[in-house]
Amino acid sequence: VDSANALTVSFNQPGNWWWRSGIGASDYEKDKIAVDFEGSQYHLRFKELKPDHAIIYQQGKYWKEVEM
């Protein structure tokens, strides 16, 4: 967690599973989120994150919640 509305995600495994059309991941921005890729990690910035929202991720066979 970088701040109240931002976090950095690092990939747990190397590989090309996240490539899109063979060019790799690319930065993008939508109404509620912005994503900036940097090597083997990416930065998420949530423009609208309410107290009742949850951010979840998979780790192995389990789902976990990010403590913001």
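- For Tyr42, the ring-ring contact (aromatic ring centres under 6.0 Å, His included) test picks out Phe11, Phe37, with sequence neighbours left out.
- Hydrophobic clustering places Val9 together with Tyr28 (ILVMFWY residues linked when any side-chain heavy atoms are closer than 4.5 Å, directly or through intermediates).
- Side-chain contact between Leu44 and Ile55 is absent, with no heavy-atom pair separated by less than 4.5 Å.
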Please test Lys47 against Lys30 for side-chain contact (heavy atoms from CB on, under 4.5 Å), starting from the C-alpha separation and ending with a verdict. CA-CA 9 Å; Lys47 299 176 183 179; Lys30 300 288 185 182; over 6 Å; no

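- No option in Asp2, Val35, Asp27 other than Asp2 meets the side-chain contact (heavy atoms from CB on, under 4.5 Å) test with His43.
- Within the model, atoms CG of Asp36 and CD of Glu29 stand 8.0 Å from one another, a figure rounded to the nearest 0.5 Å.
- Residue Lys61 comes nearest to Gln58 through the heavy atom pair CA-NE2, 4.5 Å, listed as atom of the first residue, atom of the second, then distance.
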